[in-house]
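In what follows, a single structure is set out as structure tokens and then discussed.
Just so you know, these numbers use all the heavy atoms, side chains as well, and skip hydrogens, waters and symmetry mates.
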Amino acid sequence: MKVRMAALLISAALGLTACAAGQGADPDLAEYTSAGMAVPQARVDLNADGRDEVIVHVTGRDVCGSGGCLTLAFTPEGDGYRQIMRATVSRLPVGVAGSRSNGWSDLVVGVRGGGMDSGRAVLSFDGSAYPSNPTVPPARPAPSGMAETILIATD
């Protein structure tokens with residue numbers, strides 16, 4: 001119950017939204033729109049600047065392997081978006097933690113294999129981007145019972 005309440009409070013504090021109005025075009029995901037690919041998205045203000053970042057989990061034969069699939073994050077920049085994460089071998093669900101690093105919310109993804117036990121991994125912003133591989137440092141295992149808000153749920 002405490003974890004669920006904390007997640008609700010995080011959601012309210014972060015201003016999670018299903019969509020963002022007035023931010024110009026969406027990120028260019030054309031390379032991920034071939035047959036058999038899915039690109040579920042979520043929007044959340046990760047850096048508290050009043051504009052939503054876009055989180056995308058791409059699945060399909062061309063981007064998934066035994067370790068997982070591809071999770072992307074984009075931040076608004078000018079009239080478009082700049083990619084701030086391209087995390088391979090990640091799994092659903094994708095969430096946002098209550099913790100922050102360098103002014104940005106930490107992201108949480110599922111992992112299995114690689115250099116980390118199966119479970120959840122925390123990805124922290126380093127000042128310019130999030131880590132590209134959630135199974136090795138600087139990514140770290142999510143502590144048991146960590147409060148997070150799910151952005152993209154499992155199928």
Side-chain angles (χ1 to χ4, degrees), residues 1-29 32 39-59 63 67-112 114-155:
M1 183 65 158
K2 285 183 181 179
V3 171
R4 184 173 293 164
M5 180 58 78
L8 290 172
L9 292 173
I10 292 167
S11 295
L14 292 174
L16 295 177
T17 58
C19 64
Q23 279 189 194
D26 287 335
D28 182 9
L29 300 174
Y32 306 112
V39 289
Q41 302 177 30
R43 294 173 186 265
V44 59
D45 185 359
L46 296 172
N47 60 354
D49 69 352
R51 299 183 307 162
D52 287 345
E53 278 64 41
V54 179
I55 312 301
V56 181
H57 186 76
V58 185
T59 60
V63 294
C69 297
L70 179 63
T71 302
L72 307 168
F74 300 89
T75 190
E77 184 173 270
D79 291 337
Y81 285 84
R82 175 176 56 90
Q83 186 173 302
I84 54 172
M85 182 175 77
R86 186 179 198 285
T88 59
V89 298
S90 59
R91 295 178 174 272
L92 295 175
V94 176
V96 62
S99 54
R100 299 177 71 78
S101 300
N102 294 302
W104 291 65
S105 296
D106 292 335
L107 294 173
V108 188
V109 298
V111 294
R112 184 174 75 203
M116 190 178 292
D117 291 334
S118 295
R120 308 285 289 145
V122 178
L123 305 172
S124 296
F125 193 75
D126 69 4
S128 62
Y130 287 90
S132 61
N133 186 336
T135 66
V136 296
R140 62 191 185 281
S144 179
M146 180 186 77
E148 69 176 285
T149 300
I150 301 301
L151 300 173
I152 305 172
T154 56
D155 294 334

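Using a 4.5 Å heavy-atom cutoff, the side chains of I152 and L92 are in contact. Side-chain atoms of V109 and L123, non-hydrogen and from C-beta on, do get closer than 4.5 Å to each other. By the 4.5 Å heavy-atom criterion applied to side chains, R91 and C69 are not counted as neighbours. Contact annotation: the side chain of F74 approaches that of L29 to within less than 4.5 Å [non-hydrogen atoms, C-beta and beyond].
Looking at every heavy atom in both residues, R100 comes nearest to S105 through NH1-OG, 3.0 Å. Scanning all heavy atoms of the two residues, the minimum distance from Y32 to V39 falls at O-CG1, 3.6 Å. Across all non-hydrogen atoms, the minimal contact from R140 to S124 is NH1-OG, 2.8 Å. Summarising the geometry of V122 relative to P143, their closest heavy-atom pair is CG2-CD, 4.5 Å, with the distance given to 0.1 Å. Between A87 and P131 the shortest heavy-atom distance is CB-O, 3.9 Å. The minimum heavy-atom distance between S101 and D106, with the atom names listed, is OG-OD1, 2.9 Å.
Checked against side-chain contact (heavy atoms from CB on, under 4.5 Å), P93 has the following partners two or more places apart in sequence or in another chain: R120, I150, T154. With sequence neighbours excluded, no residue forms a salt bridge (charged side-chain N to carboxylate O under 4.0 Å, His left out) with R86. Partners of D126 under the salt bridge (charged side-chain N to carboxylate O under 4.0 Å, His left out) rule, at least two apart in sequence or in another chain, do not exist in this structure. Applying the side chain to side chain donor-acceptor pair (under 3.5 Å) rule to E77 yields the partners R82; only residues at least two apart in sequence or on another chain are considered. With sequence neighbours left out, T88 forms a side chain to side chain donor-acceptor pair (under 3.5 Å) with no residue at all.
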Does the pair I55 and T71 meet the rule for a side-chain contact (heavy atoms from CB on, under 4.5 Å), with working shown?
CA-CA 7 Å; I55 312 301; T71 302; 4.2 Å; yes

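The structure places CG of D45 at 5.5 Å from CD of E53, a figure rounded to the nearest 0.5 Å.
Of the residues listed (D52, V54, L107, T75), the one engaging L46 in a side-chain contact (heavy atoms from CB on, under 4.5 Å) is L107, and it is the only one.
Pairs of residues two or more places apart, or lying in two chains, that qualify as ring pair (Phe, Tyr, Trp, His ring centres under 6.0 Å) and include a residue from residues 121-141 are W104-F125, F125-Y130.
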